[in-house]
Visitor: 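Mind having a look at this structure? Questions to follow.
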Amino acid sequence: MLDHEKILIRRGPRSDLPVILALHSTALGPAAGGLRLWHYPDWRDGLTDALRLSAAMTLKFAVAGLTSGGGKTVVALPQGTRLDSARRRDVMYDVADMIDSMDGSYAVGPDVGTAPADMAVIGEVTPHVFCKPEDLGGSGDSSPHTAQGTLAALRALSRRLYGDANLEGRRMALIGLGHVGEHLARLLAAEGVELTVTDIDTSKMEIAEDLGAAWRSPDEIVTADVDVLIPAALGGVLTTQVVGDLRCRAVVGPANNQLATPEVAELLHQRSIVWIPDYVASAGGAINAITTELYEFGADQARARVNAIEGTVTALLETADDLGVTPDQAAHEMAQRRIRAAVPESLSHPH
Ligand SMILES: NC(=O)c1ccc[n+]([C@@H]2O[C@H](COP(=O)([O-])OP(=O)(O)OC[C@H]3O[C@@H](n4cnc5c(N)ncnc54)[C@H](O)[C@@H]3O)[C@@H](O)[C@H]2O)c1
């Protein structure tokens, strides 16, 4: 069954690259979701990513209690493609035209491979864009807020596992020291967490040295004997095979699409490894952008809303316990309840 409301695929007339826009749902309001500019073996892999990521955005906003729907845009770069600044602008204009054609039912923001400066270019063409640089009236870089939200999720987890939200002395292994991962590593180090980190980019070892964190290779870190594994790189890290080898008590991180397949949530549950869904733990950046740019919250109010992820995770863990389901199932149920409440019965079940 096609879950998505609309999918647009177009070879960008300027860039000559596949531009894919997946609008999953506008049940809660106009959709929002980032622009991923990434290399794929085949553009259809980019389509698969867009379909999954846009559905996750619907869940992300619904669980966060925001009046936005889920969407995502992917520009699928063939392997080895490098964009010079002129072609990058062409990509942004191609994306902007597609977004503008949606008449406000979807607005874009940054995701992996894009940044506020790209949103500024898109903003030359369409008003439906989040996270432009602050001097252009946008909310800027979302990654510090995403990291803050993941910290809130980790506190809720810690209270549940150890009866104390204080993270000092906990052992955590963080995969991916990119925009979000580095911010999060710094927050965790300041909390006194005993950190092990990794990245495929070995120049990031400098960050580990700076923070006094241990460094492992990406292959080794997944099975580290730690309290929490924190995926902060790309998706698909939790495969059936990996779950069998994990030695952590919980997996909580900002990376989108951590499960290679949906069944992995159940496997984690069977192994008594708590998995806080990525669409809950990674919501801080989206919450900050929507609350400041759409709801016109001030910085303190927006931050309080990001920190409210702690209460959301606590509620999900309690519901999961009470009902004997996974936190993922509890989160789906919470999201569906909110979506059902927003959509008239006649529209949700057409005859
Ligand atoms: N930026 C945000 O505000 C935001 C919001 C929600 C979710 N996310 C998600 O968080 C994740 C990270 O986002 P980001 O903005 O920091 O991206 P980024 O591109 O800045 O960082 C990703 C980092 O992961 C590293 N990496 C890639 N593959 C790896 C591997 N196999 N092993 C180890 N390291 C690897 C890269 O070298 C890079 O340093 C993504 O999944 C993204 O979708 C980001």
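Model, not experiment: these values are computed from the prediction. Order of appearance sets the numbers: ligands from 1, and atoms from 1 within every ligand.
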Visitor: Using heavy-atom distances only, which candidate in I200, I207, D201 approaches atom 31 (N) of ligand 1 most closely?
Guide: I200
Visitor: Between L184, D141, L53, D199, which one has a non-hydrogen atom sitting closest to atom 39 (O) of ligand 1?
Guide: D199
Visitor: How far is atom 40 (C) of ligand 1 from its nearest protein heavy atom, and which residue and atom name does that atom have?
Guide: A233 O, 3.1 Å
Visitor: Return the option from N257, V112, N256, V222 holding the heavy atom at the smallest distance from atom 19 (O) of ligand 1.
Guide: V112
Visitor: Go through the structure and list residues passing side chain to side chain contact (heavy atoms under 4.5 Å, CB included) with L51, not counting sequence neighbours.
Guide: H4, I7, A22, L47
Visitor: Does the side chain of Y93 come within less than 4.5 Å of V125's, by heavy atoms?
Guide: yes
Visitor: Counting only heavy atoms closer than 4.0 Å, does ligand 1 sit against the backbone of K60, its side chain, both, or neither?
Guide: side chain
Visitor: Would you call R89 and E124 a salt bridge, using N to O less than 4.0 angstrom?
Guide: yes
Visitor: Does anything in residues 147-161 form a salt bridge (charged side-chain N to carboxylate O under 4.0 Å, His left out)? List the pairs, not counting sequence neighbours.
Guide: R155-E191, R159-E310, R160-D321
Visitor: Side chains of Q241 and T239: donor-acceptor distance under 3.5 Å anywhere?
Guide: no
Visitor: Counting heavy atoms only, which of G284, P144, G236, G178 comes nearest to atom 22 (C) of ligand 1?
Guide: G178
Visitor: If you take the nearest heavy atom of each of T146, V180, T198, which one is closest to atom 13 (O) of ligand 1?
Guide: V180
Visitor: Please confirm whether Q258 comes under 4.0 Å of ligand 1, counting heavy atoms of the residue only.
Guide: no
Visitor: Select one of side chain, backbone, both or neither to describe which atoms of L177 lie under 4.0 Å from any atom of ligand 1, heavy atoms only.
Guide: backbone
Visitor: Taking heavy atoms and a distance under 4.0 Å, where does K204 meet ligand 1: side chain, backbone, both or neither?
Guide: side chain
Visitor: At the 4.0 Å heavy-atom cut-off, does G285 count as touching ligand 1?
Guide: no
Visitor: What protein heavy atom lies closest to atom 10 (O) of ligand 1? Include the residue and the distance to one decimal.
Guide: P254 O, 3.3 Å
